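The structure appears right after this line, and notes come after that.
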Amino acid sequence: QVQLVESGGGLVQAGGSLRLSCAASGRAFSTDTMGWFRQAPGKEREFVAAINWSGTNTYYADSVKGRFTISRDGAKNTMYLQMNNLKPEDTADYYCAADYHSPALWGTLDTLNSWGQGRQVTVSS
């Protein structure tokens, strides 16, 4: 039972930066893969990025590779998504998630063990 609380996000102009945080509680945090999905209204949920329990293995969707950086602070039980060079197509609700599957598999999953409430990211042109 992992509980996830998200913070950050907001509104920026194209080319700007935002940061999302996801604080986790529960004993499973240290061994779970964690990551982010996003969903725009009327659109399918899509994978963004994932990181393994030790922070040594990361995986990114092609659409965000080179612009977004996922990281994890075990001491604070917190995962971060640094989003740079944001584009209008990045506009969506971003959801923190935790699961036991490896980061490379996350783009194929339809269900995961734990979800945060979501944070809005809006990028204006």
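Small disclaimer: the values here were computed from a predicted structure and weren't measured.
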Identify the two heavy atoms, one from [X] and one from [Y], that lie closest to each other, and give their separation to 0.1 Å.
X	Y	value
M83	R19	CE-N, 4.3 Å
V2	A24	CG1-CB, 4.2 Å
T33	S102	OG1-CA, 3.9 Å
A98	M34	CB-CG, 4.2 Å
N113	Y100	ND2-CD2, 3.2 Å
A97	L112	CB-CD2, 4.1 Å

Given 3.5 Å as the limit, does a donor-acceptor pair link the side chain of [X] with the main chain of [Y], or not?
X	Y	value
N77	S25	no
W106	G35	no
R119	G8	yes
R72	T78	no
T91	V123	yes
N85	G15	no
T69	Q82	no

[X] and [Y]: side chain donor to acceptor below 3.5 Å:
X	Y	answer
R38	Y94	yes
T122	Q120	yes
N84	S17	yes

Next on the checklist: Determine whether the aromatic ring centres of residues F47 and W36 are separated by less than 6.0 angstrom.
Outcome noted: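 Distance test on ring centres: not under 6.0 Å, no.
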For the [atom1] atom of [X] and the [atom2] atom of [Y], what is their distance to the nearest 0.5 Å?
X	Y	atom1	atom2	result
Q13	S124	CD	OG	5.0 Å
L4	C96	CG	SG	4.0 Å
T111	D99	OG1	CG	7.0 Å
L105	L109	CG	CG	6.5 Å

Checklist entry - With a cut-off of 6.0 Å (strictly less than), are more than 12 heavy atoms of other residues, nucleotides or ligands near CZ of F68? => result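 Enclosed.
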Item to check | Hydrophobic cluster membership, W115 vs I51, 4.5 Å side-chain cutoff | outcome: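 No, it is not one cluster - the side chains of W115 and I51 are not joined through contacts under 4.5 Å.
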Next on the checklist: Hydrophobic clusters here meaning ILVMFWY residues chained together by side-chain heavy-atom distances under 4.5 Å, can you tell me if L20 and Y95 are in one?
Outcome noted: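 Hydrophobic grouping puts L20 apart from Y95.
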Checklist entry - Yes or no on salt bridge (charged side-chain N to carboxylate O under 4.0 Å, His left out) for K65 and D62, after CA distance, side-chain angles and deciding distance? => result CA-CA 5 Å; K65 193 174 298 181; D62 289 340; 3.3 Å; yes
